[in-house]
Amino acid sequence: MKKLIIYTALIGLLVSACEEEDSLTPSLLDENRVEVMMDQQSEYGSQPLIEEWYETYNTAVLFEYQDTLDFIYQASSQSANNVWLDLSFPQISTLFLDEEGNLPSENIEAYMDYVEKGLVFLDTTIFDYITPGSTIAGMMPHKMLISASLSGDASSSHYWTEGDYGVPGYKDANNFHSVFNTQAMVFNVNQDNLELGADNYIKDNFYLFLCKLYVQNDLYEEFNDEIYKYSEPYFNTPIMDAYIDDYGEDQEDWTELTPNGKVPLSWFLSKGFVDAEGFYNFSFKTYTESTYPVDENGDYILAGPDDAYGWKRDADGNWIKALKVVYYHDYINVDINDNDDLFLEDKAEFIRSYTNQVLYRTYDELSAYPDNVQTSLKLTANTLIDWGIDLVSFNPELEQFLNE
């Protein structure tokens with residue numbers, strides 16, 4: 001009788017296990033998705049660039065893929081997968097299908113020509129800046145997809161739009177440049193869109209590509225701690241709290257340069273943060289202050305032919321063109337009563353803000369920063385260069401800045 005009970009229990013466990021297994025997503029561990037898809041797309045002929053990238057960087061670039069298996073489904077929670085269900089990234093082949101959804105043989109040449117343009121775009125805007133055999137060459141994404149378009153829910157928070165050239169979801173949710181998750185990265189190579197704004201695509205894509213490398217390889221911790229030594233004590237804290245700690249609560253005493261409670265950008269920079277506007281929910285602005293200097297007798301100074309001027313009355317009551325001097329004071333547009341205006345959250349967000357600057361800023365802009373920020377910018381740029389990223393080719397303005 002005892003053996004019968006045990007046997008019955010074992011049968012019950014086996015049945016239960018089988019029922020649970022049926023509800024799970026198959027692991028597909030017996031199938032190498034990359035090899036399957038590489039073989040499938042090779043039926044259209046050889047693709048030298050794809051073969052070169054796979055051999056050099058172990059990166060498979062796919063123009064034929066399955067949405068769920070090659071991007072959406074990740075080895076994580078179902079909720080992590082669900083955030084991508086709204087994303088639309090159709091294959092390039094969809095542009096050449098007939099009404100029945102088939103690819104006519106007469107369309108294959110045009111299809112492959114479109115694919116080739118997408119591959120060349122990826123080659124000249126991403127791979128050209130990666131040094132073969134370098135540290136970063138061994139950290140490349142295992143899978144990249146090129147799609148006919150890229151769109152999603154504008155309200156979703158998983159699209160990174162913080163860089164200077166990021167696409168704001170509320171404005172153009174049907175034209176994202178690229179997106180990534182733990183499994184792959186998708187690049188929108190729609191030729192019509194590229195013709196309208198190739199420069200924006202190139203700049204945003206490379207920023208997002210670096211972010212993908214950071215996340216995939218846990219690279220944030222590999223940067224020199226000196227980069228954020230001024231800033232780390234302030235991470236994720238209200239900006240106004242720090243300003244009040246430094247200058248007190250009386251707005252009239254804060255600063256003569258930017259009156260009426262405006263916080264100078266120079267103070268913000270002194271903490272090591274940079275004015276990468278896309279990273280904040282406030283703006284960086286300029287306050288204009290106009291004055292009319294007087295001579296030793298207290299009379300207005302006449303403006304010269306090339307001077308700015310304003311109409312003022314002289315000592316005799318006559319209107320004259322008085323010299324006008326305009327001062328521009330940069331400040332951060334934060335509210336003393338709003339504790340939602342925070343410094344950047346952590347090292348990761350801080351490193352990305354500095355990455356944004358070294359990718360996009362001119363020499364004049366970079367060299368105008370205070371010494372503490374310049375030092376951190378140079379450390380950031382040189383770290384990326386040491387890893388094998390040809391940053392100077394991407395932003396030639398860095399050459400003079402890094403060699404001073």
Side-chain angles (χ1 to χ4, degrees), residues 162-164 166 207 210-211 214 219-287 289 327-384 398 401-402 404:
E162 63 196 14
D164 278 9
Y207 170 76
L210 291 181
C211 291
Y214 291 162
L219 293 179
Y220 294 120
E221 294 297 329
E222 300 302 316
F223 284 89
N224 192 317
D225 288 347
E226 288 292 309
I227 293 174
Y228 43 79
K229 73 174 184 179
Y230 296 99
S231 308
E232 191 168 11
Y234 301 99
F235 285 160
N236 204 36
T237 62
I239 292 174
M240 274 301 175
D241 286 357
Y243 198 75
I244 289 171
D245 284 345
D246 285 358
Y247 293 103
E249 296 189 12
D250 189 344
Q251 295 184 44
E252 297 302 320
D253 292 341
W254 275 358
T255 171
E256 294 179 358
L257 292 179
T258 52
N260 303 318
K262 298 184 186 302
V263 177
L265 176 62
S266 57
W267 173 86
F268 183 76
L269 299 177
S270 73
K271 306 299 183 185
F273 296 93
V274 289
D275 51 340
E277 189 157 327
F279 289 78
Y280 296 95
N281 62 358
F282 59 83
S283 58
F284 297 84
K285 294 189 174 183
T286 298
Y287 172 79
E289 180 184 6
Y327 296 97
Y328 298 95
H329 306 296
D330 293 328
Y331 69 97
I332 58 176
N333 192 28
V334 295
D335 184 351
I336 187 173
N337 298 312
D338 186 0
N339 274 354
D340 291 335
D341 291 331
L342 307 176
F343 287 109
L344 296 182
E345 184 176 5
D346 52 23
K347 293 179 183 178
E349 197 170 15
F350 184 86
I351 291 296
R352 295 200 304 273
S353 74
Y354 266 65
T355 300
N356 182 86
Q357 305 307 87
V358 298
L359 285 180
Y360 306 137
R361 295 291 174 260
T362 65
Y363 166 76
D364 288 340
E365 290 171 327
L366 294 169
S367 59
Y369 278 121
D371 289 344
N372 63 314
V373 173
Q374 286 195 48
T375 298
S376 294
L377 286 168
K378 290 176 181 179
L379 282 170
T380 302
N382 283 321
T383 298
L384 294 172
L398 287 173
F401 176 68
L402 294 178
E404 288 183 331

How far does [atom1] of [X] sit from [atom2] of [Y], to the nearest 0.5 angstrom?
| X | Y | atom1 | atom2 | result |
| --- | --- | --- | --- | --- |
| I351 | I227 | CD1 | CD1 | 4.5 Å |
| D330 | L269 | CG | CG | 9.0 Å |
| N333 | F284 | CG | CZ | 10.0 Å |
| L265 | K285 | CG | NZ | 14.0 Å |
| L366 | L398 | CG | CG | 6.0 Å |
| Q357 | T362 | CD | OG1 | 10.5 Å |

Heavy-atom distance under 4.5 Å between the side chains of [X] and [Y], does that happen here?
| X | Y | value |
| --- | --- | --- |
| Y360 | Y207 | yes |
| F268 | I239 | yes |
| S231 | L344 | no |
| F401 | L377 | yes |
| L402 | Y363 | no |
| D346 | E349 | yes |
| E162 | R352 | yes |
| E226 | T375 | no |

Restricting to non-hydrogen atoms, name the atom on [X] and the atom on [Y] that form the minimum distance, rounded to 0.1 Å.
| X | Y | result |
| --- | --- | --- |
| P264 | Y243 | CD-OH, 3.2 Å |
| A381 | V358 | CB-CG1, 4.1 Å |
| E232 | K347 | OE2-CE, 3.5 Å |
| L342 | N339 | CD2-O, 3.3 Å |

Decide ring pair (Phe, Tyr, Trp, His ring centres under 6.0 Å) for Y228 and Y220; before the verdict, give the C-alpha distance in whole Å, the side-chain angles of both, and the deciding distance to 0.1 Å. CA-CA 11 Å; Y228 43 79; Y220 294 120; over 10 Å; no
Just by distance, with hydrogens left out, do S376 and Y230 show a side-chain donor and acceptor under 3.5 Å apart? no
Using only atom types and a distance under 3.5 Å, with no angle test, would you say the side chain of D164 pairs donor to acceptor with the backbone of N356? no
M240 vs D341, test: side-chain contact (heavy atoms from CB on, under 4.5 Å). Steps then yes/no. CA-CA 8 Å; M240 274 301 175; D341 291 331; over 6 Å; no
Among all residues two or more places apart in sequence or in another chain, which pass the side-chain hydrogen bond (donor to acceptor under 3.5 Å, both in side chains) test with E345?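 side-chain hydrogen bond (donor to acceptor under 3.5 Å, both in side chains) list for E345, sorted by chain: empty.
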Apply side-chain contact (heavy atoms from CB on, under 4.5 Å) to the pair F223 and L379, showing each step before the final yes or no. CA-CA 8 Å; F223 284 89; L379 282 170; over 6 Å; no
With sequence neighbours left out, what residues match D241 under salt bridge (charged side-chain N to carboxylate O under 4.0 Å, His left out)? none
Can you give the donor-acceptor pairs under 3.5 Å from side chains of residues 271-281 to other protein atoms, not counting sequence neighbours?
from	atom 1	to	atom 2	distance (Å)
K271	NZ	Y234	OH	3.1
K271	NZ	D246	OD2	2.8
D275	OD1	Y369	OH	2.4

